[in-house]
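What you are looking at is a predicted structure, and each value in this text was computed from that prediction instead of being measured. No hydrogens, no waters, no symmetry mates; every other heavy atom, side chains included, goes into these values.
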Amino acid sequence: MEKKNEKIPNIAAGHSLGEYSALVCSNSISLKDGLKTVIQRNKLMQESAKNNPGSMMAIIGMKKKIIKKICKNFFKNEFAAISSINSDTEIVVSGNKKKLHKIEKICKLLGAKAVFHLSINIPSHCILMKNASKKFSKFLKNIFFKKPDFPIINNVDVKYEKSNKKIKTALIRQLVEPINWKKSINFILKKKKLFYY
């Protein structure tokens, strides 16, 4: 990574795919391997979506606990779950398209300010990507991550990892677990001093 004026970040994070950009910027992984990894990730997610078609939608103006209950308690034969917590007022849900439309109607009846369906056919960051995560785990065995030059906050645990194994584990889990973006931003805002790491 080119260091202009000899300055590097104290800490960084990236939302979903952006976590890979952050890892490249921190020299944890080479640009070449980074590109190879995200291409394979996309390929596996696309393949998994063929067997488990779905989509994603952002719900604005509703609390997470209410959305979680709606996903869990209604239409149990169709899957949907929270896949990204972007802020107190923006929650993303992934799952079966039919169920997402039903959840949209319920959320609007309960006072959601808006619901936006994302232009995507992959139900990311939920259990529907389980097969993709297993295959991705095998692929990552041939990719090496070194200790980042500065802390990178991972999307799943909202913590920074230093070892090859733990960085990979976090990236694999990211495929099937929600993005904790709100917690990541709050974590960064609380860190006023440099990381000595």
Side-chain angles (χ1 to χ4, degrees), residues 1-52 54-56 58 83-87 92 94 118-189 191 194-197:
M1 180 185 67
E2 182 181 354
K3 300 174 184 178
K4 295 182 179 181
N5 300 321
E6 299 300 320
K7 292 181 180 180
I8 62 172
N10 296 336
I11 187 170
H15 189 291
S16 186
L17 192 62
E19 187 170 337
Y20 293 83
S21 299
L23 288 165
V24 170
C25 288
S26 70
N27 289 318
S28 178
I29 182 175
S30 69
L31 177 60
K32 181 180 178 180
D33 280 349
L35 288 171
K36 192 191 318 183
T37 300
V38 297
I39 289 169
Q40 181 67 12
R41 176 183 182 266
N42 178 65
K43 178 183 176 182
L44 294 174
M45 291 173 75
Q46 292 281 0
E47 289 175 356
S48 187
K50 288 180 182 179
N51 299 321
N52 294 294
S55 190
M56 304 174 74
S83 54
S84 185
I85 303 144
N86 293 338
S87 71
V92 178
S94 292
L118 308 186
S119 298
I120 186 171
N121 292 318
I122 299 174
S124 302
H125 311 300
C126 72
I127 200 64
L128 295 179
M129 288 291 109
K130 186 176 180 180
N131 287 336
S133 71
K134 288 180 179 178
K135 293 178 181 178
F136 192 51
S137 177
K138 292 179 181 178
F139 170 81
L140 285 180
K141 288 181 179 180
N142 297 316
I143 302 295
F144 179 73
F145 292 84
K146 75 177 187 67
K147 176 183 172 182
D149 290 347
F150 49 86
I152 303 299
I153 307 305
N154 77 53
N155 286 186
V156 175
D157 301 308
V158 190
K159 58 189 286 191
Y160 55 94
E161 304 293 0
K162 303 177 184 179
S163 74
N164 176 52
K165 182 179 178 180
K166 289 184 177 181
I167 292 170
K168 288 180 181 179
T169 298
L171 293 174
I172 293 163
R173 288 175 58 211
Q174 190 211 86
L175 289 177
V176 294
E177 296 185 34
I179 300 295
N180 286 303
W181 191 243
K182 176 180 177 289
K183 286 184 179 180
S184 297
I185 296 302
N186 288 342
F187 182 89
I188 292 171
L189 291 174
K191 299 299 175 181
L194 291 175
F195 276 77
Y196 294 99
Y197 119 124

From [atom1] ([X]) to [atom2] ([Y]), nearest 0.5 Å:
{"X": "Ile29", "Y": "Lys146", "atom1": "CD1", "atom2": "NZ", "result": "11.5 Å"}
{"X": "Gln40", "Y": "Asn142", "atom1": "CD", "atom2": "CG", "result": "10.5 Å"}
{"X": "Asn52", "Y": "Glu47", "atom1": "CG", "atom2": "CD", "result": "12.5 Å"}
{"X": "Ile143", "Y": "Ser30", "atom1": "CD1", "atom2": "OG", "result": "7.5 Å"}
{"X": "Leu128", "Y": "Leu175", "atom1": "CG", "atom2": "CG", "result": "12.0 Å"}
{"X": "Ile179", "Y": "Ser83", "atom1": "CD1", "atom2": "OG", "result": "8.0 Å"}

Closest heavy-atom contact between [X] and [Y]?
{"X": "Val156", "Y": "Asn180", "value": "O-ND2, 2.9 Å"}
{"X": "Val24", "Y": "Gly34", "value": "CG2-CA, 4.2 Å"}
{"X": "Pro148", "Y": "Ser26", "value": "CB-OG, 3.4 Å"}

Look at the side chain of [X] and the backbone N and O of [Y], then say whether any donor-acceptor pair between them is shorter than 3.5 Å.
{"X": "Thr37", "Y": "Asp33", "value": "yes"}
{"X": "Ser133", "Y": "Lys130", "value": "yes"}
{"X": "Asn155", "Y": "Gly14", "value": "yes"}
{"X": "Ser124", "Y": "Ser94", "value": "no"}
{"X": "Asn164", "Y": "Phe145", "value": "yes"}

Mind checking what makes side-chain hydrogen bond (donor to acceptor under 3.5 Å, both in side chains) contact with [X], not counting sequence neighbours?
{"X": "Ser28", "answer": "none"}
{"X": "Lys135", "answer": "none"}
{"X": "Lys43", "answer": "none"}

Would you indicate whether the side-chain heavy atoms of [Y] and [X] approach each other to under 4.5 Å?
{"X": "Ile153", "Y": "Lys183", "value": "no"}
{"X": "Leu171", "Y": "Glu19", "value": "yes"}
{"X": "Ile152", "Y": "Phe150", "value": "yes"}
{"X": "Ile11", "Y": "Phe187", "value": "yes"}
{"X": "Gln174", "Y": "Arg41", "value": "yes"}

*Evaluate the side chain to side chain contact (heavy atoms under 4.5 Å, CB included) criterion for residues Val176 and Cys126: first the C-alpha distance (whole Å), next the side-chain angles of each, then the deciding distance (0.1 Å), finally the verdict.*
CA-CA 4 Å; Val176 294; Cys126 72; over 6 Å; no
*Return yes when atom CG of Asn121 has more than 12 non-hydrogen atoms of other residues, nucleotides or ligands closer than 6.0 Å, and no otherwise.*
no
_Can you tell me which residue among Lys182, His125, His15 is in a side chain to side chain donor-acceptor pair (under 3.5 Å) with Ser84?_
His15
